[in-house]
Structure formats: structure tokens, C-alpha cells
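Some notes on the structure that comes next.
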Amino acid sequence: MDTALKSASDATYVESSHPVIFFEFYADILFRFYGSHIEPTHLVLMDSLLKGGFFTKQMQVLQAKAMYKYCSVGVDERVAQVFCENIVSNFLHVLLSELASSEFVPDNAKQKLSALNKPFSISYQSAVAANTRHL
């Protein structure tokens, strides 16, 4: 999975300062990877549920980076944490829903996640606008 993330974010990729766009970029890569490796995904998720394994650590790293991006535009750290916990929860909800369906379609998963994360995207845009007015 780490290899999939690294190869997808090649030297031409410029990391977005927008926390939702940043998270959804990696979520798309993960949806595509997990969708083509269903059985190993079940094992990875079970390991994380039982032991806080690889998947849990992966989500913690993405969450921490997204939190930093919110805080960098003036969002309170506790508020940023709530936003990012919800973004990760939305990802997990969509992933589990797709895995439980008869057919995992990464593009459908991406659309569902974007719709669920819309409030957090708007909140970031509002914070940027407020931060810009204060400069």
C-alpha cells in the first residue's frame, strides 16, 4: 500500500494546501488499491481493528497532515481535529460500504467521499477567506 501511495504521488505531484483535497487525493489512490486487492484489504482492516495495525497508522499520518493544513489558516486545533476525525471516519464509512457491496467501484467511492466531506471543504475555504481578510 505504501508503494501504491509513493508511486502515485510522483515527482510531478504538488501537495495541496487544502486539507480535503489533500486527503481525497490519497483516498483515491487507496480506493483503487483496496478495490483491486479485496481479500488482503479485509486482512489489513481486521489487523487494524484488533491491533491498531498498518491501516490505522496510515490514517493517523494523513489525519495529522490534514490537521496541520487546517491550523495553518487559523482553524483552532481542537476544531481541526474534529474535522479531520470526521474526514477519516467518512473515508472508513465509504471504504467499508464499498467492500460490503458486491462490486467495489473506486470512482463511486471517491464521489461518495467528496459529498460527505463537502462541509469540511467549505469550512476550510471560509477559514482561508477569514484569514485573508485579517492580513
Side-chain angles (χ1 to χ4, degrees):
M1 282 174 269
D2 270 352
T3 305
L5 289 173
K6 287 176 186 170
S7 65
S9 61
D10 63 17
T12 62
Y13 171 69
V14 176
E15 188 173 290
S16 176
S17 61
H18 193 297
V20 176
I21 293 171
F22 158 78
F23 189 88
E24 289 180 357
F25 172 81
Y26 287 102
D28 183 44
I29 296 166
L30 292 172
F31 284 145
R32 292 183 190 292
F33 180 85
Y34 293 141
S36 62
H37 300 87
I38 300 292
E39 289 305 315
T41 297
H42 289 161
L43 296 173
V44 167
L45 291 175
M46 184 58 73
D47 178 58
S48 282
L49 287 172
L50 296 175
K51 303 182 219 168
F54 180 78
F55 178 80
T56 301
K57 306 242 183 304
Q58 203 171 48
M59 290 299 105
Q60 289 170 341
V61 168
L62 293 175
Q63 180 178 330
K65 280 189 157 192
M67 267 186 66
Y68 171 79
K69 292 171 186 299
Y70 273 112
C71 291
S72 70
V73 295
V75 175
D76 178 76
E77 187 174 340
R78 284 184 278 176
V79 172
Q81 182 175 357
V82 170
F83 286 173
C84 293
E85 285 172 356
N86 279 280
I87 290 168
V88 170
S89 295
N90 288 342
F91 171 77
L92 188 54
H93 168 72
V94 171
L95 177 63
L96 293 176
S97 296
E98 287 295 313
L99 287 171
S101 73
S102 59
E103 188 175 318
F104 191 113
V105 180
D107 288 335
N108 291 348
K110 183 179 178 179
Q111 288 177 332
K112 289 175 188 174
L113 182 62
S114 290
L116 290 170
N117 286 339
K118 186 98 172 150
F120 307 114
S121 185
I122 292 169
S123 295
Y124 176 77
Q125 292 165 343
S126 296
V128 168
N131 200 24
T132 304
R133 284 192 298 268
H134 288 73
L135 294 177

Q: Over all heavy atoms of both residues, which pair between L113 and I87 is shortest? Give the atoms and the distance, please.
A: CD1-O, 4.3 Å
Q: Enumerate the residue pairs fulfilling side chain to side chain donor-acceptor pair (under 3.5 Å) with a member in residues 73-82, sequence neighbours excluded, ordered by first and then second residue.
A: Q81-E85
Q. Roughly how far, to the nearest 0.5 Å, is the NZ atom of K110 from the CD1 atom of I29?
A. 9.5 Å
(Q) When you group the ILVMFWY residues by side-chain heavy-atom contacts below 4.5 Å and let the links chain together, are L96 and F31 in the same group? (A) yes
**Q.** cation_pi(K69, F22) dist<6.0 Å, angle<=45
**A.** yes
Q.
Show the nearest heavy-atom pair for residues A80 and M67, with the distance to one decimal.
A. O-CG, 3.8 Å
Q | Which atom of I38 lies closest to which atom of L99, heavy atoms considered | A | CD1-CD2, 3.7 Å
Q.
Looking at every heavy atom in both N90 and L116, which two are closest together, and how far apart are they?
A. ND2-O, 3.4 Å
Q. Pairs in or reaching into residues 99-109: which pass side chain to side chain donor-acceptor pair (under 3.5 Å), with residues at least two apart or in two chains?
A. R32-D107
Q: Check for a donor-acceptor pair, side chain of N86 on one end and backbone N or O of V82 on the other, with a separation under 3.5 Å.
A: yes
Q) Looking only at atom types and distance, does a side-chain atom of Y70 sit under 3.5 Å from a main-chain N or O of F120, one as donor and one as acceptor? A) yes
Q) Rounded to the nearest 0.5 Å, what separation is found between the OG atom of S121 and the CD1 atom of I21? A) 6.0 Å
Q) So, do Q60 and T56 sit near enough that their side-chain heavy atoms are less than 4.5 Å apart? A) yes
(Q) Quick check: do M59 and F23 have side-chain heavy atoms less than 4.5 Å from each other? (A) yes
Q: Report yes if the side chains of H93 and S89 come closer than 4.5 Å at any heavy-atom pair, otherwise no.
A: no
Q. Counting distance only, does the side-chain N/O of Y124 pair as donor-acceptor with the main-chain N or O of V75 below 3.5 Å?
A. no
Q.
Tell me whether V88 shares a hydrophobic cluster with V79, the cluster being built from Ile, Leu, Val, Met, Phe, Trp, Tyr side chains joined at under 4.5 Å.
A. yes
**Q.** Criterion side chain to side chain contact (heavy atoms under 4.5 Å, CB included) against F55, the qualifying member of T41, L49, L92, L30
**A.** L92
Q: Report the distance from atom CD of Q58 to atom CG of L62, rounding to the nearest 0.5 Å.
A: 6.5 Å
Q. Between D47 and G53, what is the shortest heavy-atom contact and its length?
A. OD2-CA, 3.4 Å
Q.
Using the ring pair (Phe, Tyr, Trp, His ring centres under 6.0 Å) criterion, which residues pair with F104? Sequence neighbours excluded.
A. none
Q. About how many Å separate NZ of K112 and CG of N117, when rounded to the nearest 0.5 Å?
A. 14.0 Å
Q: Please name the pair of heavy atoms, one in A66 and one in P19, separated by the smallest distance, quoted to 0.1 Å.
A: O-CB, 3.5 Å
